[in-house]
Amino acid sequence: CFLLILSICCIISNQYFNTLVFMATMYFLRRRMGGWHAPYNWMCILLTTVTTFIVLYIFAPVLMRINSLTMWTLDILLILAAFRTNPIYPPQLHFEQEIISSNRNFTLVCITIIQVISVQLGFPQVLIFSFNGILVSILLIVAEKIKQKHGGFLYEAVE
């Protein structure tokens with residue numbers, strides 16, 4: 001599904017690099033941190049595609065207009081929040097022990113290093129789109145925590 005969604009979003013938006021940065025960041029974090037997952041494949045494809053286009057055409061353009069100091073401050077605060085966010089794995093997905101025990105902190109450090117190097121090389125969009133990937137990942141973790149706390153209301157709403 002990931003490659004299908006990535007291909008569709010890249011072709012339609014003609015923003016291959018930006019789409020790849022956003023989705024790769026989200027993919028690598030979600031593999032290590034879990035979070036809410038759609039109950040159906042078609043819903044996953046639809047929601048991920050819609051989310052990607054919202055990032056490409058609404059959030060990223062707004063963030064591109066923010067001065068760099070403010071953007072870096074927001075990014076650092078978000079990364080610190082990600083470090084403090086405990087992973088949560090939906091039981092129905094049967095995450096493998098290898099993934100559960102993998103080190104999300106290493107992934108976050110790698111993302112941060114890539115952001116710094118990319119901005120220094122003149123690619124500020126890496127900061128913007130990876131920021132959005134981290135943000136969506138954290139929001140999905142919060143959604144899964146709410147779902148588990150309140151007995152699955154996010155699934156019941158769609159069934």
Kindly work out whether a path of hydrophobic side-chain contacts (I/L/V/M/F/W/Y, heavy atoms less than 4.5 Å apart) joins Leu121 to Leu20.
yes
If you round to the nearest 0.5 Å, how far is CH2 of Trp36 from CG of Leu47?
5.5 Å
Rounded to the nearest 0.5 Å, the OG1 atom of Thr52 sits from the OH atom of Tyr57 at a distance of 11.0 Å
Closest approach of Ala38 and Cys44, non-hydrogen atoms and distance?
CB-N, 3.6 Å
In terms of hydrophobic clusters joined by side-chain contacts under 4.5 Å, are Met26 and Phe83 together?
yes
Considering residues at least two apart in sequence or located in another chain, which fulfil the side-chain contact (heavy atoms from CB on, under 4.5 Å) criterion with Thr51?
Phe22, Val136
Side chain proximity check, His37 to Arg30, heavy atoms < 4.5 angstrom:
yes
Value rounded to 0.5 Å, distance of CG in Leu29 from OG1 in Thr85:
10.0 Å
Would you say Lys145's side chain and Asn86's backbone share a donor-acceptor pair under 3.5 angstrom?
yes
Across all chains, not counting sequence neighbours, the side-chain contact (heavy atoms from CB on, under 4.5 Å) partners of Leu77 are Thr73
4.5 Å side-chain heavy-atom contact, Ile88 and Met33:
no
For a 4.5 angstrom cut-off between non-hydrogen side-chain atoms, does Cys110 reach Phe28?
no
Less than 3.5 Å apart, which donor and acceptor atoms pair up between the side chains of residues 127-134 and the rest of the protein, not counting sequence neighbours?
{"from": "Ser130", "atom 1": "OG", "to": "Gln115", "atom 2": "NE2", "distance (Å)": "2.7"}
{"from": "Ser130", "atom 1": "OG", "to": "Val126", "atom 2": "O", "distance (Å)": "2.5"}
{"from": "Ser130", "atom 1": "OG", "to": "Leu127", "atom 2": "O", "distance (Å)": "3.3"}
{"from": "Asn132", "atom 1": "ND2", "to": "Ile128", "atom 2": "O", "distance (Å)": "2.9"}

With hydrophobic residues grouped by side-chain heavy-atom distances under 4.5 Å, do Met43 and Val50 end up in a single group?
yes
Inter-residue atom distance Met64.CE - Phe59.CZ, 0.5 Å rounding:
14.5 Å
Qualifying residues under side-chain contact (heavy atoms from CB on, under 4.5 Å), relative to Ile8, sequence neighbours excluded
Leu4, Ile12
Rounded to the nearest 0.5 Å, what's the gap from CD1 on Ile79 to CG on Leu108? Could you check?
7.0 Å
Listed partners of Thr70 passing side chain to side chain donor-acceptor pair (under 3.5 Å), at least two apart
Asn67
List the residues meeting side-chain contact (heavy atoms from CB on, under 4.5 Å) with Ile58, not counting sequence neighbours, and say none if there are none.
Ile54
On a heavy-atom basis, which atom in Ile141 and which in Gly34 lie closest, and how many Å separate them?
CG1-O, 4.1 Å
Linked, directly or transitively: Val55 and Ile11 (ILVMFWY side chains, under 4.5 Å):
no
Using a cut-off of 6.0 Å, state whether more than 12 heavy atoms not belonging to Phe53 lie near its atom CZ.
yes
Contacts of Gln15 that satisfy side chain to side chain donor-acceptor pair (under 3.5 Å) - sequence neighbours left out:
Asn18
Say you draw a straight line from SG of Cys10 to CZ of Phe17; how long is it, rounded to the nearest 0.5 Å?
11.5 Å
For Val116 and Trp72: C-alpha separation, side-chain torsions, deciding distance, then whether side-chain contact (heavy atoms from CB on, under 4.5 Å) applies.
CA-CA 10 Å; Val116 170; Trp72 277 111; 3.9 Å; yes
Nearest atoms (heavy-atom pairs only) where Val119 meets Pro124:
CG2-CA, 4.1 Å
Quick check: do Leu74 and Leu78 have side-chain heavy atoms less than 4.5 Å from each other?
no
Suppose clustering is done on Ile, Leu, Val, Met, Phe, Trp and Tyr with side-chain heavy atoms closer than 4.5 Å. Which residues sit in the same group as Leu80?
Ile76
